[in-house]
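A short worksheet on the structure shown next.
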Amino acid sequence: MRLKGGRKKRSLNLQTLETDILHQLVETIFYQNYHDLLNLSQVSHRLYVFATPWIYRRVTVNFTRPGDLELLDRLLRAGSKLPVKIRRLEFIGVRKATEEQHEAILKLLQQLTNLEKLVWDGYIDIPPKIMSEVSRRFPGARIVVVATQLSHSDTPKLYLGRSRVLFTHRAAGQLTSFTFKPSSSSQMYRAFKVDLLNLLANSQKLKRIDIYDLYSEPGTGISFLENLQHFRKNTLPKPKFLQIWCGIKIFTPDELTLWGEQGGWERLEDLTLSYTDELLGFVGQVPELQYLHISPEFSSPALDLDSLEEQLVMFQKNDRPLGKLRSLSYKPFGSIGNSNLRRWVVPWCIIDHATDTLEDLDMAHLNITEGHIPGMQGPLADDIRKLRVSCSKLEKLSMDLLVENHWPYALMTELALFKSPLKLNLALHQTEEHHPRQLTGSDACWKAFRHMVAVRKLFNIEPDTRYRVGFKRILPWEEMKHHAHESDYVFYQTKSGGMRCNYIKFFRRYRSTRTWPAAPDVSHIPTVELWREKSKLRGKHLKYMATFHRAKTWNAEDVVRRNAVTKELRRRTKYGLAAKTWSKDVTLYDEWD
């Protein structure tokens, strides 16, 4: 029964909140959802004043975007109060910056008062003035470097005779993350290891070391000498994340062992290696390791895993020589096409020491140039049976499935008997090019999943919506590189026992394989002309949508230009409204004093 005249509910008004409560509210929103903080700042003058210090607490300047360059000019405007609010400053695409913009970076750093973190994304050879300014005024600030080339000019030959500032400067002691992913084979030089060792000796706070080189290969003329003396006499950092994926071997197993004997691996949680024998330097010294990725594309996994097995035999299963391993990714390209290396298709010497902790196992090969490998080896039904019995906590399994003249239903039966809520990702390989692709089509995958459901019913396994099976047909890499890590079909059961399928996105393969043109520059076109062009392009788009089944009507240039025109019109509308109320470059925080 509802009483009349009851007390009305009081609505919460942010304007009337106490100052301390409002401070805590804004801080909570900042850490949980930054975009909500931007919306909150547009409510009123009082909320804007409270939100602005948190909005500009983290500033990102991308030198490839014109809007960010305007932000840099705004921060450097005379009398601006915004730089003192900045705690984290991130520069992206610095290799595209001009000399004047480098001077603007230095000027901005000179106006900061509370810098806590600096992110430099571009190249390694940071200007000495910038490094000196950071180390002198902010000795406690963390520095993060993400580099794709050695120097600003991208001409390594001009820089072979000079030492790089990052490797020798005292500011290297503030470095907490170093990532180097060369953009070309010319970026890897002969003295790289010497410079890297100097950086490691001077950077005790490094938590992330990431070296990922796609261009270098063994036997290209560059090799690095072993330097055990450096590892004996210097104290090296203790990273949590380490990735060394390079065709040229940088560290030897003995060097990595010496590094670990100093306690260098006692905090390591994530490890990626390109040579299997490098893992010998970590055995028994990684108590916190949880993620291990090995992709021995450049080495012989047979010889390396034989040595690894001999070393692991000395440990009991409860000793955890490879830490608390939760995720293992193992993809030996050197053995999948060699019948003599059959026993190394599944890395049992590693799995046997992680049976009670392993949750994710990835053995699927996706990056295959021709789409097929003659004589390819994959896991057998006995391997899956052993895996199901030993790894009770396994939740995700990705593996190769060989489909020749018929499907391996014996193996599918073993996969169906996993009782835990397992997510399966099966990479369907056809070992011969002449095999019909219908063998791995949607109908064949549906039939295989129905077989798995029938097996689960036969063994009285209750339907579980978390049990999902994804199928990925392996094609030549150029045809699938844009969606290689997405399953073509994902099958699952409903609570009532029915079967469902999430199909491949419509036109995904067609769209992903075409080359998209670069976005045109429309900033110089008058606004009236842009509105006319948008209307014209929209008419073309509607005409295409009416005839979407005809691929020849698809015009990528029109789509890219329509998106560029729409984006430019939105930008002009946004800045036009602000300039109409205040001025062209002003911010509300500067007006509301």
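Sequence positions, counted from 1, serve as the residue numbers for this chain. A quick note: this is a predicted structure, and the numbers were derived from the prediction, not measured.
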Name all pairs fulfilling the ring-ring contact (aromatic ring centres under 6.0 Å, His included) condition that reach into residues 117-136, sequence neighbours left out, sorted by first residue then second.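 Output for this query lists W120-Y123, Y123-H152.
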If you define the side chain from C-beta out and look only at heavy atoms, does anything of [X] sit under 4.5 Å from [Y]?
| X | Y | answer |
| --- | --- | --- |
| L115 | R87 | no |
| L292 | Y330 | no |
| L289 | K324 | no |

Test L415 against L426 for side-chain contact (heavy atoms from CB on, under 4.5 Å), laying out the working first. CA-CA 10 Å; L415 289 173; L426 304 179; 4.0 Å; yes
If the threshold is 4.0 Å, N to carboxylate O, is there a salt bridge linking K393 and E359?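 Judged by the 4.0 Å cut-off on N to carboxylate O distance, K393 and E359 do not form a salt bridge.
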Parallel, tilted or perpendicular: which one describes the rings of F224 and F192, with boundaries at 30° and 60°? tilted
Quick one: sort the F251 and W259 rings into parallel, tilted or perpendicular, breaks at 30° and 60°. perpendicular
Count the heavy atoms of every other residue, nucleotide or ligand shown that sit under 6.0 Å from NZ of K207, and state whether that count exceeds 12. no
Using a cut-off of 6.0 Å, state whether more than 12 heavy atoms not belonging to Q316 lie near its atom CD.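 Result for CD/Q316: open.
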Run the salt bridge (Lys or Arg N to Asp or Glu O under 4.0 Å) check on K331 and D362 step by step: do they pass? CA-CA 8 Å; K331 303 179 180 183; D362 185 2; 3.3 Å; yes
Distance (rounded to the nearest 0.5 Å) between F138 CZ and E116 CD: 10.5 Å
